[in-house]
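Report on one structure; see the data block that follows.
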Amino acid sequence: MKKIALLLVLFIAFHSLSAQSKKKQILLLGTFHFENPGHDVAKVNTFNVMSDKSQKELENITNKIKKFSPDKIFVEWNYERQAKLDQFYASNADSLLHKDADEIVQVALRSAKKLGHKKLFGIDYNNADFPYDSLVKGMKEANQLDLIKKNQEIMKQYETDQNQKIAKYSLTELLLDINTRKSNEHNISWYLETAIKGGKTDNFIGAYLVSEWYRRNLYMYALIQKLTESQDDKIMVLLGAGHTAMLREFVTHDPNFEIIELATVLK
C-alpha cells in the first residue's frame, strides 16, 4: 500500500508540474492603422478596408481567429478608459462593421462577437513621451549630418515600401507581411540603431525617446500579464505593428507564453 501511495503522490506531482509548465499561447497580431489618422512619423497611404473584397477577407480572418479561440482579446485602447470600452463593446451591433474602419472594430470586435466574449481588454498606456521633434533638433544641434540623412532615408524608404505594398497587396497579404520576422526587426532597429544616437554626448534625447517607447510597451505587457488569468489558455493581442514587435521580444524571455504566428492561424 505504501508503494501505491508513493506512486500516486509522484503521479499527482508530475501532472501538477506539467500543468504548471504548460505555456499559454499568445497571438500577436500587429497591424497598420486602418483609419490612418496620420499621427505616425512615417506617412503612408490609407488602405480601404471597407471594400467588398476586404470585408470578405476580414470575415475569413476573424473566422480563423474564432477557430484559434482566444480566451481574451487585448486591444490598443487606453486601459484607464476600460469602462468606455465596455460601453462601446456592449452597445454596438453588427451594423458598426459597415460604418467604422478602425481595426479594433473590424478585427477585434468582430472576432470577440463571434467568440461570444463579453468584453475586450484595453491595455494601451498613453502617458509615455515620444519627443520626435526634440530628437531631430538634438541631431541638428549636435551637427549629426550623417545621422540626419540616415534618419530621413529610413523614413522615406519605409513610406515608399509601404505605399507600394498598399497599392499591390490584399488586406490578408498586408497583415501577413507586417507580421513577418523581417518587419518586426525593422520596427525595432530604428530605435536601437538610429534614434538612440541623437544628441550631443551630454544630451540623451535619443536614448530618452527610446526608453519612453520601451516603457510604454513594457507597461502594456505588464497589463497583459496581470489580466491573463490561470484559466486562460490562449490570448490575442491586437496592436500597431511597432508595439507587437516589442512585445514579441518580451515574450521570448517569458516562460509563461509561446507565440502563435498569424500565418499559422490563417492557414
Side-chain angles (χ1 to χ4, degrees), residues 24-44 47 49 61 65 70 72-82 85 102-109 111-112 120-132 135 154-155 158 162 174-196 208-228 234-254 256-263 265:
K24 298 179 184 296
Q25 295 184 338
I26 178 170
L27 169 61
L28 295 174
L29 205 172
T31 183
F32 58 96
H33 292 301
F34 287 3
E35 287 192 311
N36 192 10
H39 296 159
D40 294 333
V41 174
K43 308 302 178 186
V44 298
F47 184 91
V49 300
I61 290 167
I65 290 171
K72 286 189 173 77
I73 296 178
F74 300 93
V75 295
E76 196 170 333
W77 182 293
N78 189 338
Y79 82 100
E80 294 178 312
R81 298 179 66 243
Q82 180 65 46
L85 180 57
D102 190 275
E103 61 271 16
I104 291 177
V105 171
Q106 292 297 323
V107 179
L109 187 144
S111 298
L120 295 170
F121 294 83
I123 57 167
D124 199 6
Y125 176 79
N126 299 134
N127 295 322
D129 199 4
F130 195 86
Y132 183 75
L135 172 65
I154 289 172
M155 294 300 169
Y158 176 77
Q162 288 305 112
L174 274 174
L175 291 175
L176 286 171
D177 179 77
I178 288 170
N179 287 278
T180 59
R181 179 183 296 275
K182 181 179 179 181
S183 180
N184 283 303
E185 289 174 350
H186 171 83
N187 280 314
I188 295 176
S189 64
W190 178 79
Y191 292 95
L192 298 179
E193 295 178 13
T194 304
I196 198 170
Y208 173 72
L209 182 150
V210 174
S211 69
E212 283 292 279
W213 178 248
Y214 266 80
R215 184 165 74 95
R216 181 181 175 188
N217 288 286
L218 278 169
Y219 280 26
M220 285 197 282
Y221 191 58
L223 285 167
I224 291 171
Q225 291 177 318
K226 292 175 181 181
L227 294 169
T228 300
K234 301 176 183 178
I235 62 171
M236 173 179 134
V237 181
L238 178 76
L239 301 170
H243 298 298
T244 54
M246 294 296 303
L247 265 58
R248 178 177 287 268
E249 291 299 302
F250 302 155
V251 172
T252 60
H253 301 288
D254 186 343
N256 298 303
F257 288 106
E258 64 173 334
I259 294 172
I260 302 300
E261 301 294 348
L262 179 62
V265 172

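This structure is a prediction, so every number in the text was calculated from the model and none was measured. If you read the sequence from its start, that first residue is 1, and numbering goes on from there.
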Is any side-chain heavy atom of [Y] closer than 4.5 Å to one of [X]?
| X | Y | result |
| --- | --- | --- |
| Thr228 | Ile26 | no |
| Tyr208 | Asp129 | yes |
| Leu247 | Asn217 | yes |
| Val265 | Leu29 | no |

Considering all heavy atoms of both residues, which atom of [X] and which atom of [Y] are nearest to each other, and what is their separation?
| X | Y | answer |
| --- | --- | --- |
| Leu239 | Val75 | CD2-C, 3.9 Å |
| Phe121 | Leu227 | CD2-CD1, 4.3 Å |
| Val210 | Ala195 | CG2-CB, 4.1 Å |

*List the steps, then state whether side chain to side chain donor-acceptor pair (under 3.5 Å) holds for Gln225 with Asp254.*
CA-CA 10 Å; Gln225 291 177 318; Asp254 186 343; 3.1 Å; yes

*Between the main-chain N or O of Arg81 and the side-chain N or O of Trp77, is there a donor-acceptor pair closer than 3.5 Å?*
yes

_Below 30° counts as parallel, above 60° as perpendicular, anything between as tilted: where do the rings of Trp213 and Tyr191 land?_
parallel

*asked:* Applying side chain to side chain contact (heavy atoms under 4.5 Å, CB included), can you list everything that pairs with Glu258, at least two apart in sequence or on another chain?
replied: Lys23, Gln25

*Using side chain to side chain contact (heavy atoms under 4.5 Å, CB included) as the criterion, list what pairs up with Arg215, not counting sequence neighbours.*
Tyr125, Ala128, Glu212, Tyr219

*Show your reasoning for whether salt bridge (Lys or Arg N to Asp or Glu O under 4.0 Å) applies to Glu185 and Arg248.*
CA-CA 10 Å; Glu185 289 174 350; Arg248 178 177 287 268; over 6 Å; no

_Contacts of Arg216 that satisfy salt bridge (charged side-chain N to carboxylate O under 4.0 Å, His left out) - sequence neighbours left out_ = Glu76, Asp124

